[in-house]
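The structure appears below as structure tokens.
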Amino acid sequence: MNDLLLRTLRGQDTERRPLWIMRQAGRYLPEYRALRERFSFEELCARPDLATEVTLMPLERFPLDAAIVFADIMSPIGALGIDVEFAPGPVINKPLRSAAAIQALPVPDQEEIAPTVLETIRSVKNELADRVPVLGFSGGPWTLAAYLVQGRGGRDFPALRALAADEPGVLADLLERLTDLSVSYLRGQVEAGVDAVQIFETWSGVLSFADWSALVKPHLQNLLEQIGELGVPSILFMQNAPHLLGGMISLPADGFSVDWRVDLSGLRQALGPQKVLQGNLDPAVLLAGPERTSRAARRLLQGVPREGHIVNLGHGILPQTPIESVEALIEAVHDEAQEDRRAVASAGTGG
Ligand code: 1CP
């Protein structure tokens with residue numbers, strides 16, 4: 001298997017930086033858009049044959065170093081008896097706004113949680129035959145709560161923050177339930193064959209450092225400790241949260257994925273070589289075309305030492321991204337390894 005990603009997450013040196021792209025299986029691919037003309041997003045997720053096809057689409061086109069299973073962070077939420085619609089992001093028509101609604105949530109057994117996603121994982125593992133590792137994922141507890149309480153994605157989640165201020169105990173109950181749900185779901189994913197997992201805590205940045213540390217961080221700590229017991233490495237992604245970095249990197253994840261607002265080079269210098277960092281090109285740079293992308297990628301590689309770095313974007317790839325920009329990013333990463341090999345070879349021959 002191409003195990004660049006897994007070796008990097010274990011703290012081992014690799015001959016080339018691993019590279020995968022958040023949201024790599026999605027709307028920037030013409031073949032995905034063609035399939036979406038025939039099937040809704042929900043249908044794609046519910047059909048393991050189609051979800052497998054979409055998972056593999058980016059790997060057919062590009063030499064990426066991991067597959068990420070095609071599903072959504074809301075995929076396990078159906079097991080709580082809550083209906084989720086997609087328009088195009090998740091929408092909950094009856095948001096959870098009271099202690100009674102939260103206390104009434106069922107605690108599903110592992111087999112009840114997103115069984116079609118687990119079937120997709122088994123089928124992807126089978127099709128890939130160990131070509132590259134398969135990443136499983138779950139939403140972070142706060143990000144899942146954001147959709148359940150606010151009802152949809154947005155900029156600052158006022159209903160969620162009001163619940164945090166008004167009834168922190170009720171919020172804690174919800175976050176605990178969502179952490180347990182994620183652990184069961186991820187255990188199912190590991191049993192189905194995923195090689196590593198990423199936690200998407202996309203909306204963590206809306207809280208202050210003090211509130212996040214008190215209200216959210218203990219649940220992430222608990223989640224990551226339990227993932228550690230599942231025996232696969234974990235990556236924690238937080239978005240729009242440079243003010244939470246100090247707390248983030250003290251959590252027990254194997255890798256830390258940060259967005260483009262963070263100076264990755266400076267962060268590496270501050271942390272030393274031990275922590276694995278993932279990121280963090282601005283996805284918007286890819287919209288400016290392959291030359292700009294190539295330049296920005298080379299600058300990133302020059303600024304951040306190879307050891308312990310997983311190349312990725314700072315957030316999901318945008319639907320309007322030209323394919324040529326993705327190719328330019330991949331080429332920059334592959335070229336660096338080739339230049340390293342040439343340098344070693346010429347040093348060896350005295351040239
Ligand atoms: O075709 C379509 O219209 C559906 C668009 C789409 C896709 C392709 C949605 C709706 N979800 C997905 C798949 C998805 N979502 C994947 C698997 C594919 C891959 O990564 O290659 C993953 C990992 C996610 C994760 C996800 N969903 C996150 C965390 C990552 C991030 O980008 O921050 C979040 C916040 C969501 C919610 C969501 N689902 C869909 C959209 C458009 C959104 C985000 C915005 C919103 O809330 O409106």
Side-chain angles (χ1 to χ4, degrees), residues 19-47 50-62 64-77 84-92 95 114 116-117 120-121 124 132 134-157 160 182 185-186 189 194 196-206 235-241 257-260 278-280 283 312-321 326:
L19 161 69
W20 68 281
I21 299 173
M22 284 191 265
R23 299 296 194 96
Q24 65 187 30
R27 291 176 290 180
Y28 73 106
L29 288 173
E31 53 273 33
Y32 174 79
R33 290 196 299 269
L35 200 61
R36 274 283 277 110
E37 305 225 323
R38 294 164 50 210
F39 302 98
S40 69
F41 176 64
E42 289 92 325
E43 282 172 305
L44 293 181
C45 290
R47 290 248 322 249
L50 297 176
T52 300
E53 191 183 330
V54 178
T55 302
L56 298 177
M57 275 175 183
L59 290 138
E60 302 285 328
R61 241 183 212 277
F62 313 116
L64 294 161
D65 299 311
I68 180 158
V69 57
F70 185 77
D72 192 71
I73 56 166
M74 301 306 278
S75 300
I77 294 300
V84 184
E85 287 170 18
F86 288 88
V91 178
I92 309 281
T116 54
V117 176
T120 301
I121 292 168
V124 165
V132 293
V134 176
L135 278 168
F137 69 89
S138 167
W142 173 259
T143 297
L144 295 175
Y147 286 100
L148 295 182
V149 175
Q150 193 66 46
R152 60 191 314 145
R155 212 164 45 86
D156 46 15
F157 299 93
L160 177 70
S182 291
Y185 180 40
L186 291 168
Q189 294 186 33
V194 299
V197 299
Q198 174 148 319
I199 302 305
F200 287 99
E201 193 63 302
T202 302
W203 305 124
S204 45
V206 300
I235 305 169
L236 173 63
F237 168 69
M238 292 185 11
Q239 201 257 140
N240 202 359
S257 190
V258 294
D259 78 12
W260 66 93
Q278 176 174 280
N280 69 343
N312 206 317
L313 306 184
H315 196 188
I317 188 166
L318 296 163
Q320 321 84 296
T321 304
V326 179

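Counting convention: from 1, in listed order, for ligands and their atoms alike.
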field: Selected option - heavy-atom contact closest to atom 29 (C) of ligand 1, from Val84, Asn240, Thr202
entry: Thr202
task: Mark up the atoms of ligand 1 that fall under 4.0 Å of a heavy atom belonging to Ala71, in ascending order.
output: 13 (C), 14 (C), 15 (N), 16 (C), 17 (C), 22 (C)
- request: Show your reasoning for whether side chain to side chain contact (heavy atoms under 4.5 Å, CB included) applies to Leu44 and Arg36.
  value: CA-CA 8 Å; Leu44 293 181; Arg36 274 283 277 110; 3.7 Å; yes
- prompt: Is ligand 1 under 4.0 Å from a heavy atom in the side chain of Pro58, in the backbone, in both, or in neither?
  reply: neither
- prompt: How about Tyr32 and Phe41: are their ring centroids closer than 6.0 Å?
  reply: no
message: Polar contacts were defined as any N/O atom of the residue lying under 3.5 Å from an N/O atom of the ligand; does this apply to Thr143 and ligand 1?
response: no
query: How does Arg36 reach ligand 1, by side chain, by backbone, by both or by neither, if only non-hydrogen atoms under 4.0 Å count?
result: side chain
- prompt: Short list, please: which atoms of ligand 1 are under 4.0 Å from a heavy atom of Tyr32?
  reply: 1 (O), 2 (C), 4 (C), 8 (C)
query: Do you know which two heavy atoms are closest between Ile199 and Leu186, and how far apart they sit?
result: CD1-CD1, 3.8 Å
statement: Looking only at heavy atoms, the pair that brings Tyr147 and Gly153 closest together is CE2-N, 3.3 Å
- prompt: Is there at least one pair of N or O atoms, one from Val69 and one from ligand 1, spaced under 3.5 Å apart?
  reply: no
query: Relative to the heavy atoms of Phe200, which atoms of ligand 1 are at a distance of less than 4.0 Å?
result: 23 (C), 29 (C), 30 (C)
- prompt: Under a 4.5 Å cut-off applied to non-hydrogen side-chain atoms, are Trp20 and Gln278 in contact?
  reply: yes
message: Measuring from atom 43 (C) of ligand 1, which candidate in Arg23, Arg27, Met74 has the nearest non-hydrogen atom?
response: Arg23
- line: Closest non-hydrogen atoms of Arg61 and Pro30, given as atom of the first, atom of the second and distance, are NH2-CG, 3.6 Å
task: Please confirm whether the backbone N or O of Leu313 pairs with a side-chain atom of Asn280, one donor and one acceptor, at under 3.5 Å?
output: no
task: Please verify whether a non-hydrogen atom of Gln24 lies at under 4.0 Å from ligand 1.
output: yes
message: At under 4.0 Å between heavy atoms, is it the side chain or the backbone of Arg152 that contacts ligand 1, or both, or neither?
response: neither
Mind listing the side-chain donor-acceptor pairs of residues 85-92 below 3.5 Å, one per line with the distance, residues two or more places apart or on another chain?
from  : atom 1 : to    : atom 2 : distance (Å)
Glu85 : OE2    : Asn93 : ND2    : 3.0

